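Everything numeric here is computed off the predicted structure, so don't read it as measured data.
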Amino acid sequence: YPLRRQRQMCIRDSYYMRAQNDGNVPEELRIKGQRNNRKFKFNYYRLTGGISNVSGHVGNGTFATRSLDPGESTDFKIKVTPRYRRGLTRRQTMKVRVYSVAQPFRQDVGKPIITITR
């Protein structure tokens, strides 16, 4: 699940993620992302089938895609906004987990690295 940088972080940064069914049968995928914390605010948007804000569900780990056929995918945009510039280290890492609803032990993790510019 590749995560691509859109631009270097000054005020906010965006990443794009694709969750794809690599299995042999149609199934739903569950997405679990980083929740808001004292350093960052995270917004998650599903881009496939129209833009919709799914931040609350992704942060809680309750978001599931519709049933995806083998090879079919769903695209997401992740917006990361720092709350405060003080106390941030030069690099921060966040995790986004994608796993099968039917077989939760089958999962993948994306780790975008957030670079802080001063």
Side-chain angles (χ1 to χ4, degrees):
Y1 308 110
L3 299 168
R4 297 189 309 264
R5 289 286 309 245
Q6 183 179 15
R7 62 184 179 278
Q8 196 168 24
M9 183 171 188
C10 289
I11 297 174
R12 138 180 345 151
D13 212 355
S14 296
Y15 299 88
Y16 293 89
M17 180 184 89
R18 174 169 287 152
Q20 181 175 338
N21 179 1
D22 292 332
N24 298 327
V25 295
E27 67 177 310
E28 296 176 1
L29 300 176
R30 189 166 304 276
I31 315 290
K32 169 80 171 109
Q34 193 86 27
R35 297 176 72 171
N36 293 338
N37 58 42
R38 63 185 184 88
K39 292 183 179 182
F40 294 98
K41 180 178 179 187
F42 298 93
N43 290 332
Y44 299 88
Y45 300 93
R46 183 182 58 210
L47 302 177
T48 306
I51 298 173
S52 58
N53 187 338
V54 293
S55 300
H57 295 294
V58 172
N60 291 331
T62 59
F63 179 79
T65 65
R66 64 176 177 74
S67 182
L68 299 174
D69 291 328
E72 191 176 8
S73 62
T74 301
D75 294 331
F76 294 89
K77 180 177 185 177
I78 306 166
K79 280 189 178 178
V80 181
T81 308
R83 292 185 186 269
Y84 307 101
R85 311 250 332 149
R86 297 182 120 185
L88 295 178
T89 58
R90 187 91 174 116
R91 295 173 69 144
Q92 304 282 324
T93 303
M94 62 177 277
K95 278 188 190 177
V96 180
R97 244 179 245 280
V98 180
Y99 55 96
S100 166
V101 170
Q103 300 172 336
F105 58 89
R106 300 191 72 166
Q107 62 181 331
D108 203 353
V109 177
K111 292 184 180 180
I113 295 174
I114 304 163
T115 304
I116 309 299
T117 57
R118 304 215 183 250

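- The two residues Gly61 and Lys32 make their nearest non-hydrogen contact at CA-CD, 3.3 Å.
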* For Asn60 and Arg35, what are the C-alpha separation, side-chain angles and deciding distance, and is it a side chain to side chain contact (heavy atoms under 4.5 Å, CB included)? -> CA-CA 7 Å; Asn60 291 331; Arg35 297 176 72 171; 3.5 Å; yes
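- The number of heavy atoms from other shown groups lying within 6.0 Å of CG (Asn24) does not exceed 12.
- Of all non-hydrogen atoms in Thr74 and Thr65, the two that sit nearest each other are OG1-CG2, 4.1 Å.
- By the rule that hydrophobic residues join a cluster once side-chain heavy atoms approach within less than 4.5 Å of another member, Val25 and Leu29 end up as members of separate clusters.
- Between Tyr16 and Leu47 there is a side-chain heavy-atom pair separated by less than 4.5 Å.
- Heavy-atom minimum distance, Lys77 versus Ser14: CE-OG, 3.5 Å.
- A salt bridge links Glu72 to Arg66: at least one charged side-chain nitrogen sits closer than 4.0 Å to a carboxylate oxygen.
- Judged by distance alone, with hydrogens and angles left aside, the side-chain atoms of Asn21 form no donor-acceptor pair with the main-chain N or O of Gly71 at under 3.5 Å.
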* Tyr45 and Lys79: CA distance, side-chain angles, deciding distance, side chain to side chain contact (heavy atoms under 4.5 Å, CB included) verdict -> CA-CA 8 Å; Tyr45 300 93; Lys79 280 189 178 178; 4.0 Å; yes
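- With hydrogens and angles disregarded, no donor-acceptor distance shorter than 3.5 Å links the side chain of Ser67 to the backbone of Glu28.
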* Residues Val96, Gln34; criterion side chain to side chain contact (heavy atoms under 4.5 Å, CB included); working and verdict -> CA-CA 6 Å; Val96 180; Gln34 193 86 27; over 6 Å; no
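- A donor-acceptor pair is defined here as one N or O able to donate and one able to accept, closer than 3.5 Å; no such pair exists between the side chain of Arg46 and the backbone of Asp75.
- Here CD1 of Ile31 is found 11.5 Å from OG1 of Thr62. Values are rounded to the nearest 0.5 Å.
- Taking the centre of each ring, Tyr44 and Tyr15 stay at or above the 6.0 Å mark.
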* Start with the C-alpha distance between Phe76 and Phe63, add both sets of side-chain angles, then the distance that settles side chain to side chain contact (heavy atoms under 4.5 Å, CB included), and finish with yes or no. => CA-CA 12 Å; Phe76 294 89; Phe63 179 79; 3.5 Å; yes
